[in-house]
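Data first, discussion second: the structure below is written as structure tokens.
Note that this is a predicted model, so its numbers are computed, not measured. Position 1 is the first residue of the sequence; numbering continues from there.
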Amino acid sequence: MTDEAVAARQGEPAAVPSWRPHPPGHPVRVGALALVSAAVYALLGLVKVATFRATTFDLVIIDQAVRNYAALRPPYVPVRGMFSDRGMDYLQLSDHFSPIYAVLSPFYWIHDGPETLIVAQAALFAAAIPFLWRYTRRVLGVAPAYLVSVAYALSWPVAQAVAFDVHEVMFVPLLTAIMIERYHAGRMAPALLATLGLLLVKEDMGLMVAGAGLCLVVMGDRWRGAFCVLLGLGAVLVVRGLTVSVLGGDASDYWAYGHLGADLPGAVLGILGDPLSALKLLVSEEAKVDTLLLLGWPTLMVCLLSPLSLIALPHVLVRLLSDRPQWWQADFHYSAFTVVILFCAGVDGLARLLRRVRSSHGAGDLEAGASARDHEAHDHETRGDGARVHGHASLKLAWAAAACAVALTLVPKFQLDQLYHPAFYDEPKAAAAAAAVSQVPSGVTVEAVNSTGPALTSRTTVLLWTAKSHGAPWVVADTSRWEFPFASADDQRAAVDRLLAGGYTQVFERDGYVVLRRN
């Protein structure tokens, strides 16, 4: 909501607006930053696909869904269905409720393959940059806006997400950036559309919408806030409790809170019955503490001073309260759900801190919803204290520069670090893997080891190779190194031996890759 709208609702005179159209150079520079970021993200993902370091779980799952959307078919994901013993016609919507994947289907008419998903994900992550830049410019100024945008582009949650195949999280930074920036600008329609879009990303995104509602209530926009809380919680209950089951899924598949209760009502009652134990769970493991610190550190913890952080709170809580270590570690893509929210919260938190400092120096209480730029104008008009305003501008720039520096220092610790190491572009076994998949004819069903599925999915029906054979006419195995979901390479070799004893013939072997054909 704009500062003028907030002031009018509270019966106060609106601040002198400070917004000005962007000079012509800014859209070009911001667009260039977004384009370069997208190219870097795409390079990381495409190299992994080309060198057989992408995986069937989850890249092929999403590829199969989008390919079916593109062919105007239901989003069947046979690779996931057969893995769960639910058949070839298992719907992606019954695994994770992500109908938003359908918007990617037209791009498969241009290029039918997982590379399209890699590029689309890169573009979506980068597309959040212009909205983050606009929000930061409005609150802190031009120079901080560029620095914060670079900090987001280099941030570790984005790096981890773009390096781990593709996931529904690709849509969330853009949608949350639109939601926050457009609301702040007083453009309610696009803000609402972005909020509704979150509900199409994943079955638990209603919790994020509820968090946004709680944020609005705290900021004084109670009616819209109450609406978002009810909408978000209602969406979670309907999707998890009804929609997933109707579509053939099982709501218990991703229930990771058995230590709290057998189901959602039981978990809520368990938390209410022993809130202290639930609080201890949030920091019960060193990895949880590390993730919490890493989430706040890119903003120097200033994000904790803003009610915008409430939007991220439900998602962070469901991660830390779960019993699945991969959910609360920093190694995967889960932190990218909240990265834009926390950067915006850092920007807003700094502005609130500076307003409090001004107030403590006798500037008087200023309306909490107004932007930092409007308060600077107010200071000039009422006190003419240019020195203090200049000091605050320096603090804004210093904080933004520090946030950018933090992002740079974290690059070597996360996945973007690979890009400047020559070894990343040279996978010794890639040639053997390419030769192995070339043995499989097009149009067949193949059980493929996890790392080879992405190379086969555009021309075959890929199933994941596991210890349990599904009787596919072709199998591509790897006996030299461990691959999911096996326990060890020894188990993989034993699985190949069983296939050979059960009617398969070996037609190819090189560097551990084995191709089998059913007799």
Does any non-hydrogen side-chain atom of Leu200 lie less than 4.5 Å from one of Met205?
no
Please check this pair: side chain of Asp165 against backbone of Ala54, looking for a donor-acceptor N/O pair closer than 3.5 Å.
no
Between Leu175 and Val172, is there a side-chain heavy-atom distance shorter than 4.5 Å?
no
So that I can tick it off, tell me whether Asp112 and Arg459 are bridged by a salt bridge, with the cut-off set at under 4.0 angstrom between side-chain N and carboxylate O.
no
Evaluate the side-chain hydrogen bond (donor to acceptor under 3.5 Å, both in side chains) criterion for residues Arg53 and Thr51: first the C-alpha distance (whole Å), next the side-chain angles of each, then the deciding distance (0.1 Å), finally the verdict.
CA-CA 6 Å; Arg53 280 175 280 187; Thr51 54; 3.0 Å; yes
Within 6.0 angstrom of Trp255 CH2, more than 12 heavy atoms from elsewhere
yes
Please walk me through it: do Tyr146 and Arg29 pass side-chain hydrogen bond (donor to acceptor under 3.5 Å, both in side chains)?
CA-CA 9 Å; Tyr146 281 107; Arg29 285 191 284 270; 3.3 Å; yes
With a 3.5 Å cut-off and no angle check, do the side chains of Asp263 and Tyr257 form a donor-acceptor pair?
no
Closer than 3.5 angstrom, by distance alone: can the side chain of Thr409 be matched with the main-chain N or O of Val406 as a donor-acceptor pair?
yes
Taking C-beta and beyond as the side chain, do Ile61 and Thr56 meet within less than 4.5 Å on heavy atoms?
no
If we count only N and O atoms by modelled type, under 3.5 Å, do the side chains of Glu483 and Ser451 hold a donor and an acceptor together?
yes
Any donor-acceptor pair under 3.5 Å from Thr291 side chain to Ala287 backbone
yes
Please tell me whether Tyr254 and Asp95 have a donor and an acceptor in their side chains that are separated by less than 3.5 angstrom.
yes
Say whether, by atom type as modelled, one donor and one acceptor occur between the side chain of Arg182 and the main chain of Leu192 under 3.5 angstrom.
no
Indicate the atoms forming the closest heavy-atom contact of Ala487 with Asp491, along with that distance.
CB-OD2, 3.2 Å
Just to verify, which of Asn450, Thr457, Leu117 counts as forming a side-chain contact (heavy atoms from CB on, under 4.5 Å) with Leu59?
Leu117
Between the OG atom in Ser105 and the CG atom in Leu72, the distance rounded to the nearest 0.5 Å is 7.5 Å
Take Lys468 and Asp85 through the salt bridge (charged side-chain N to carboxylate O under 4.0 Å, His left out) test and state the conclusion after the steps.
CA-CA 10 Å; Lys468 177 183 178 181; Asp85 293 324; 3.1 Å; yes
For Val79 and Leu464, which heavy atoms make the closest approach, and how far apart are they?
CG2-N, 3.6 Å
Salt bridge Asp497-Arg493, side-chain N to carboxylate O under 4.0 Å:
no
Main chain of Val201, side chain of Ser98: is a donor-acceptor contact present, judged purely on distance under 3.5 Å?
yes
Centroid separation Trp327 to Phe332 less than 6.0 Å
no
Under 4.5 Å between any side-chain heavy atoms of Val440 and Ser438, yes or no?
no
Pair Asp250, Ser252: side-chain N/O donor-acceptor within cut-off below 3.5 Å
yes
Looking at Ala159 and Leu416, what are the two nearest heavy atoms and their distance?
CB-CG, 3.5 Å
Main-chain N/O of Val449 paired to Thr452 side chain as donor or acceptor, under 3.5 Å
yes
Roughly how far, to the nearest 0.5 Å, is SG of Cys344 from CD1 of Ile180?
4.0 Å
Would you check if Leu281 and His259 make a side-chain contact, meaning some heavy-atom pair closer than 4.5 Å?
yes
What I'd like to find out is whether the side chain of Val462 reaches to under 4.5 Å of the side chain of Val446, using heavy atoms alone.
yes
Has the side chain of Trp328 got a donor or acceptor atom that lies under 3.5 Å from a matching backbone atom of Leu321?
no
Would you call the rings of His167 and His333 parallel, tilted or perpendicular, where under 30° means parallel and over 60° means perpendicular?
parallel
Please confirm whether the backbone N or O of Gln329 pairs with a side-chain atom of Lys288, one donor and one acceptor, at under 3.5 Å?
no
Do any N or O atoms from the side chain of Tyr425 and from the backbone of Leu419 form a donor-acceptor pair under 3.5 angstrom?
yes
If you round to the nearest 0.5 Å, how far is SG of Cys404 from CG of Leu408?
5.0 Å
Closest non-hydrogen atoms of Leu295 and Arg319, given as atom of the first, atom of the second and distance, are CD1-NH1, 4.4 Å
If I take atom OG from residue Ser149 and atom CZ from residue Arg134, how far apart are they, to the nearest 0.5 angstrom?
12.0 Å
Pairing donors with acceptors under 3.5 angstrom, does anything connect the side chains of His470 and Glu447?
no
Do Pro454 and Thr55 come close enough that some side-chain heavy atom pair is under 4.5 Å?
no
Which pair of non-hydrogen atoms, one from Ala407 and one from Ala151, has the smallest distance, and what is that distance?
CB-O, 3.6 Å
Around Arg86, counting heavy atoms of other residues, nucleotides and ligands shown, do more than 12 lie under 6.0 Å from its CZ?
yes
Ignoring hydrogens and angles, state whether a donor on the side chain of Gln415 or Gln418 is under 3.5 Å from an acceptor on the partner side chain.
yes
When rounded to the nearest 0.5 Å, the distance separating CG of Leu456 from CG of Leu463 is 11.0 Å
Regarding His96 and Gln92, is there a side-chain donor-to-acceptor distance under 3.5 Å anywhere?
no
Relative to the ring of Phe57, is the ring of Phe484 parallel (under 30°), tilted (30 to 60°) or perpendicular (over 60°)?
tilted
Flag the pair Lys429 and Asp511 as a salt bridge only when some basic side-chain nitrogen lies within less than 4.0 angstrom of an acidic carboxylate oxygen.
no
Set of ring pair (Phe, Tyr, Trp, His ring centres under 6.0 Å) partners for Phe414, sequence neighbours left out:
Trp156
Please identify each residue that fulfils ring pair (Phe, Tyr, Trp, His ring centres under 6.0 Å) with Phe508, with sequence neighbours left out.
none
Backbone N or O of Ala472 within a donor-acceptor pair of the Thr445 side chain at under 3.5 Å?
no
On a heavy-atom basis, which atom in Ser155 and which in Phe343 lie closest, and how many Å separate them?
CB-CE1, 4.0 Å
Please round to the nearest 0.5 Å and tell me the distance separating atom CH2 of Trp474 and atom OH of Tyr504.
11.0 Å
